[in-house]
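The figures here come from the full heavy-atom set of this structure, side chains too, leaving out hydrogens, waters and symmetry mates.
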Amino acid sequence: MKKNLTIVLIDDDPLDIELFRAYISRIKEFQADILAFHEWNTGAQQSLVHADIIVLDYYLGSETALDIIKKIKHQGNDIPVIILTSSEDTDTAAKISRHGADDYLVKGNVDAIQLKKSILNALERLDLRRESNILKEQIQILQRLEAMGTLAGGIAHDFNNILSPIMGYAEMLLSNNNLDDTARNGLIQIVKGATRAKDLIHQILTFSNQEGQHQVLPLKMHLIVNEVLKLMRASLPSTIKVSASIDKKNTMVMADPTQIHQIVVNLMTNAFHAMEKTGGELSIILESVTLHETMMMGINVIPGDYVTLCVKDTGHGIPKNIQNQVFDPYFTTKKQGKGTGLGLAMVHGIVKKNNGYISLYSEEGKGTELHIYLPLLKDNKIIPAKGKIEEKVCNKTDAHVLIVDDEQEFKR
């Protein structure tokens with residue numbers, strides 16, 4: 001809690017204002033600056049910008065405290081409100097509660113102890129409200145991501161069915177030695193375009209958590225991070241300084257090496273784009289950490305040991321009002337040609353599939369930090385595969401192949 005509070009007091013009785021000041025002066029838990037007004041006027045409204053808490057007399061001329069609360073809430077302010085009333089009947093108390101006041105105190109029964117408890121409780125409720133709102137926003141984000149993932153997965157599946165015969169027929173035609181150069185070059189371009197489309201489908205399926213089997217194995221993340229660093233350093237301009245702090249001891253995780261490579265490349269590329277015009281510093285930190293019970297992206301984090309990758313830049317930062325959208329598919333702030341909007345969505349899908357977590361911190365004009373947390377593989381033990389896969393060679397030349405598919409192109 002803040003030690004220095006600004007309290008806006010609106011009361012039309014000067015004696016009540018002086019009494020309130022006297023009570024506040026006896027409270028040792030915090031220091032308070034009191035901005036007192038006799039009515040709800042322009043000065044009182046403007047003072048809300050600096051207010052930590054509002055104390056209202058119930059009756060203020062032609063208006064009541066309930067009318068003022070409506071106006072405050074209508075402006076989007078979530079400042080805690082305490083009402084001073086002369087009545088302690090249940091109807092008044094119910095009205096005050098329904099209109100969103102955090103507490104009410106009955107004049108004549110108030111002392112410094114009661115006032116202190118009321119202010120501290122109101123501030124605590126404010127913190128709880130804000131945490132609840134953050135949680136709701138994060139849950140909505142996760143629900144939106146899940147819905148988009150389902151939709152993207154369905155589209156990618158259908159698109160893959162269309163793409164496969166295009167690639168298959170093009171590759172079969174290329175095997176014809178009687179093709180002229182024009183036809184061959186055209187078919188090569190078809191295969192190249194189809195291959196790019198296939199890679200895009202793979203990204204969509206990765207985001208939607210519906211991709212096929214990957215080579216998940218124990219790997220040391222620092223080896224991949226160092227490999228990407230070498231590649232990226234060669235392509236980054238001299239205006240961007242790259243610094244790295246890589247722990248080489250405790251970086252063993254269970255994951256697909258290609259996907260880890262994709263994560264590092266995407267995060268470093270985003271950081272580069274944020275500093276492309278102005279230059280700056282790109283920092284890579286890889287280390288092992290212990291996470292305790294906390295919340296991350298609206299999810300309860302499972303306590304334990306994790307390998308964390310932090311990619312930090314000093315670029316333009318991300319506006320606060322769109323930070324909740326950066327993991328949405330196809331959402332991008334980059335200019336056309338700079339990105340598809342799938343990068344961070346894909347990173348989110350990979351991290352989630354590997355039982356990890358991702359967090360973002362950004363300030364406009366100061367830069368962005370992205371943290372990836374993946375479970376640490378204990379004791380760096382690689383579990384050997386059990387048994388051996390026996391390869392059987394079929395010498396039969398008149399075998400039959402059964403094809404089951406709902407697409408007619410695959411049956412030809």
Side-chain angles (χ1 to χ4, degrees), residues 203 206-207 219-251 253 255-289 291 296-297 306-320 322-329 331-351 354 356-374 376:
Q203 287 189 348
T206 299
F207 156 72
L219 60 92
K220 294 180 178 180
M221 273 190 66
H222 74 271
L223 298 177
I224 296 177
V225 174
N226 283 329
E227 178 186 343
V228 176
L229 270 171
K230 290 179 182 178
L231 294 172
M232 294 293 289
R233 272 197 173 107
S235 61
L236 293 176
S238 59
T239 54
I240 296 178
K241 178 185 176 183
V242 180
S243 63
S245 175
I246 310 296
D247 180 6
K248 298 181 180 180
K249 295 181 180 179
N250 298 306
T251 66
V253 297
D256 182 289
T258 303
Q259 291 187 337
I260 299 300
H261 191 278
Q262 287 178 312
I263 287 176
V264 183
V265 169
N266 267 287
L267 296 187
M268 289 189 66
T269 302
N270 285 344
F272 158 61
H273 285 159
M275 301 182 290
E276 189 172 6
K277 292 183 178 180
T278 59
E281 183 174 355
L282 194 161
S283 302
I284 310 293
I285 302 170
L286 183 70
E287 59 185 350
S288 59
V289 297
L291 293 183
M296 198 175 297
M297 287 286 291
Y306 292 81
V307 176
T308 177
L309 170 68
C310 172
V311 178
K312 187 191 315 184
D313 66 69
T314 57
H316 49 66
I318 302 172
K320 193 171 183 180
I322 64 170
Q323 288 183 16
N324 290 336
Q325 298 172 264
V326 297
F327 297 104
D328 289 359
F331 177 83
T332 180
T333 58
K334 300 174 185 177
K335 293 181 180 179
Q336 190 172 2
K338 283 291 185 181
T340 61
L342 281 174
L344 284 180
M346 183 188 66
V347 169
H348 181 273
I350 294 173
V351 172
N354 286 279
Y357 306 97
I358 185 169
S359 70
L360 177 144
Y361 175 78
S362 184
E363 288 187 44
E364 285 191 81
K366 294 185 178 180
T368 301
E369 292 183 30
L370 265 159
H371 294 259
I372 304 294
Y373 299 88
L374 295 174
L376 174 68

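Between Met268 and Ile284 the shortest side-chain heavy-atom distance falls below 4.5 Å. In this structure, the side chains of His222 and Asp247 stay at 4.5 Å or more apart for every pair of heavy atoms. Considering only heavy atoms from C-beta on, Asn250 stays 4.5 Å or farther from Val307 through its side chain. Using a 4.5 Å heavy-atom threshold, the side chains of Lys277 and His316 count as separate. Side chains of Thr251 and Val225 form no contact here, defined as non-hydrogen atoms less than 4.5 Å apart.
Taking CD1 of Ile224 as the start and CG of Leu309 as the end, the distance is 10.5 Å to the nearest 0.5 Å. Atoms OG1 and CE, on Thr239 and Met275 in that order, are 8.5 Å from each other to the nearest 0.5 Å. Distance check, rounded to the nearest 0.5 Å: CG of Leu267 to CD1 of Ile358 gives 6.5 Å. For the atom pair CG of Asp313 and CG of Leu370, the computed distance is 8.5 Å after rounding to the nearest 0.5 Å. Atom CG of Asn354 is separated from atom CD1 of Ile372 by 11.0 Å, given to the nearest 0.5 angstrom. Taking CE of Met221 as the reference point, atom CD1 of Ile260 lies at 5.0 Å (rounded to 0.5 Å).
Residues Ser245 and Glu287 bring no donor and acceptor atom of their side chains to less than 3.5 Å of each other.
Shown here are the side-chain hydrogen bond (donor to acceptor under 3.5 Å, both in side chains) partners of Thr314, two or more places apart in sequence or in another chain: there are none. By the side-chain hydrogen bond (donor to acceptor under 3.5 Å, both in side chains) test, Ser362 is found to be paired with Thr368, residues two or more places apart in sequence or in another chain being considered.
For the pair Tyr373 and Thr308, the tightest heavy-atom approach, listed with the atom from each and the gap, is CE2-OG1, 3.6 Å. Of all heavy-atom pairs between Glu369 and Cys310, the closest is OE1-SG, 4.3 Å.
Results of the side chain to side chain contact (heavy atoms under 4.5 Å, CB included) test with Met232 over Val242, Thr269, Leu282 single out Thr269 as the only residue that passes.
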